[in-house]
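Report on the structure given below.
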There are 2 protein chains.
Amino acid sequence: MKSNHVTLKDIARILELSPSTVSRALKDHPDINEETKRLVKTFAEKVNYRPNALALSLRRQKTNTIGLIIPEIVHHFFSSVISGIEDLAYGEGYNVMICQSNENYQREVIDTQALIDHRVDGILVSVSKTTKDFSHLKTAHENGIPMVFFDRICEDILTDRVITDDFKGAHIATSHLIDRGCRNILHLAAPQHLIIGSQRKEGYIKALQDRNIPVDEDLIVKCDTREYVASLREHLLKLIKEKKVTGIFAVNDSTAIAAMQALQSADYKIPDDIKVIGFGDGPNAEIAYPPLTTVEQKGYETGREAMRLLLQRLENPGIEINYSTKVLTPTLKQRQST
Amino acid sequence: MKSNHVTLKDIARILELSPSTVSRALKDHPDINEETKRLVKTFAEKVNYRPNALALSLRRQKTNTIGLIIPEIVHHFFSSVISGIEDLAYGEGYNVMICQSNENYQREVIDTQALIDHRVDGILVSVSKTTKDFSHLKTAHENGIPMVFFDRICEDILTDRVITDDFKGAHIATSHLIDRGCRNILHLAAPQHLIIGSQRKEGYIKALQDRNIPVDEDLIVKCDTREYVASLREHLLKLIKEKKVTGIFAVNDSTAIAAMQALQSADYKIPDDIKVIGFGDGPNAEIAYPPLTTVEQKGYETGREAMRLLLQRLENPGIEINYSTKVLTPTLKQRQST
DNA sequence: CTGAAAGCGCTAACAT
DNA sequence: ATGTTAGCGCTTTCAG
């Protein structure tokens, strides 16, 4: 922020006008003489004048910036969410301040604070995997900051929400495996304190029950990353062999793909010997071999919808009732892994 | 930005002190009575006082925010860059304002403007593919905004830079194919107005020349995305057949992977019939079938280095000489596609 | 040890 | 049609 910036005052001084006149001329105030307007505008243009957003925000008590707290940008789902948010936000004259929590609770707290410090008009958040205490968000919300949760929500805080119907998605995925002839189905699950984790597990269980297949708790393994699969490789292979597993439902695509690779390295043929389905449908699913069947989770729509709900709050301040939850239902994307 | 925020003045009024005393107490000014300090601090803590970052920035003429203009967050390389930048920035008390140009020139111009409007202390940029006119950045730079280009630089603007040695990387990749017995090597190239595009092509050409292999201009095809491969599928297959191509060097991994898939769908065996190498080494390379040989481009280091150079400028304002260019050399990551 | 006053850049009542 | 003034939240001389 070097001082080479022309200010209103500078213009006023040079043109021998008052700052207020310049200010008004610039925004086409009807009171101002056309002549003066032209003079001011041309000059401002010439010297490349740009109003200081900080001063404006301070003055207006509105930053036109919304904060976004997102676990990890690298994931295709989340970067799609960002695009959905940005496209709508920019269109409405809002900037987006993106904070990456890196699935780290401490960082999430700091990020929340930073957003508040910058007086963002509202916050969009998907909580980190390691967050178990939500008081940082709760406090912000109680202080009146409009907030929308998406994907990984916090049930204790009553706000607008955008979620994927994880239960149904998992049900669809598991049912698909059953339809393809699988009975002993392994579920690679996310931590159960994440709603996403429990919902997907519940959907899996319900699908089995609906078809009268007994649920075997041993076939539910907490394992939700590529690295996790690597470290559990022996255990998983043993389990698959002993339990005669013929289908795997993984809580996300990259875990599913890692599982396929582990299987292939142990000479299993996919989908002949064992079928694998993921959740999320990022571009990885198409790149994998064989291309991965999965249920698609709409990142862009999630972002857009979250932003839409937030904008609605921003435009109708004070009305704190009628929080709505938008549920996006995933659909089956069949490829060659099942 | 609802008004539920406690201000210094609020505290001063309630504690019956002057704003200046409160301000000083909060920052442990030696002049202030210990008693008073304790009083103020405890109260501030209790009411959850947080200084208004906007007001601070306005006052200090420094935002402690750096702007980042990045083509597309979805790409693994770029999201790694972001992590590299953030890790260093946060450590030094800076926030990062991320703008995604979406490879769109217009958007890049707007983003630049938005960053300037917010009076960021410096800007990190990797230019969009569609940017041919750099005046928006040039103007900013001439106005004294510290700027560092990374990966996709602008040669006309003299600044610090962090780049990958694209020439050498391409040379390594092409030489590797030659070592593996390829002579007729197809290059899937990026647009030549991008330095990255021309450097990688030059490296490819030089590697051929170094081994006395004639360069066939027909074997250099502008094609740098997955979609591009799809639309050029027939042309590429025909070319490969007619020219007896046995090796492909693609300008990035996703193009390489798409090419592999196109080849496989036409019954080519990789690496037996034809070998493929990419550039960049994102996680896709490991997921692809067969796992893709590529040269690794260090995203995290790129980001970190760019931020480091910027911080250096920020801490030594005024010294505009000695711009440095940090070159990161990619290394071969051999997998099974060659 | 504490307070009053000015100013960062801008706008909007309230003059004139 | 234009200028004066006050204030958004904060810091920092300068005065006491």
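Chain letters run A, B, ... following the sequence lines, proteins first, then strands; residues in each count from 1.
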Earlier contact from the 5' end, DNA chain C, for B/P19 and B/A55: B/P19
Rounding to a whole Å, what distance do you find between [X]:[atom1] and [N]:[atom2]?
X: A/L39; N: D/dA1; atom1: CG; atom2: P; value: 16 Å
X: A/L26; N: D/dT2; atom1: CG; atom2: C1'; value: 15 Å
X: A/R59; N: D/dC8; atom1: CZ; atom2: P; value: 9 Å
X: A/I32; N: C/dT16; atom1: CD1; atom2: C1'; value: 14 Å
X: B/H29; N: C/dT2; atom1: NE2; atom2: P; value: 11 Å
X: A/Y49; N: C/dG9; atom1: OH; atom2: P; value: 10 Å
X: A/N64; N: C/dT11; atom1: CG; atom2: P; value: 13 Å
X: A/K62; N: C/dT11; atom1: NZ; atom2: P; value: 16 Å

To the side chain of [X], which of [options] is closest?
X: A/N33; options: D/dC10, C/dT11, D/dT2; result: D/dT2
X: A/T21; options: C/dG7, C/dT2, D/dT2; result: D/dT2
X: B/P51; options: D/dT4, D/dC10, D/dC14; result: D/dC10
X: B/R60; options: D/dT11, D/dA1, D/dC10; result: D/dT11
X: A/T36; options: C/dT11, D/dT2, C/dG3; result: D/dT2
X: A/L58; options: C/dG3, C/dG9, C/dT11; result: C/dG9
X: A/R24; options: C/dA13, D/dC8, D/dT11; result: C/dA13

With rounding to the nearest 0.5 angstrom, report the CG to CZ distance, B/L54 to A/R59.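 Separation between the atoms: 14.0 Å.
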Do the side chains of [Y] and [X] get nearer than 4.5 Å, heavy atoms only?
X: A/D121; Y: A/T65; answer: no
X: A/S20; Y: A/R24; answer: yes
X: A/D117; Y: A/Q113; answer: yes

Side-chain N,O ([X]) to OP1/OP2 ([N]) below 4.0 Å:
X: A/K9; N: C/dC8; answer: yes
X: B/S18; N: C/dA4; answer: no
X: B/S23; N: D/dT11; answer: yes
X: A/Q61; N: D/dG9; answer: yes
X: A/S20; N: D/dT5; answer: no
X: B/T7; N: D/dG9; answer: no

Does the ring pair (Phe, Tyr, Trp, His ring centres under 6.0 Å) test come out yes or no for B/Y105 and B/H136, once each step is laid out? CA-CA 10 Å; B/Y105 166 68; B/H136 53 300; 5.6 Å; yes
Criterion side chain to side chain donor-acceptor pair (under 3.5 Å) on B/D10 and B/Y49, from CA distance to verdict: CA-CA 10 Å; B/D10 292 336; B/Y49 169 75; over 6 Å; no
Determine the contact category for B/D31: base if any of its heavy atoms lies under 4.0 Å from a base atom, sugar-phosphate if only primed atoms, P, OP1 or OP2 are that close, otherwise nothing. base
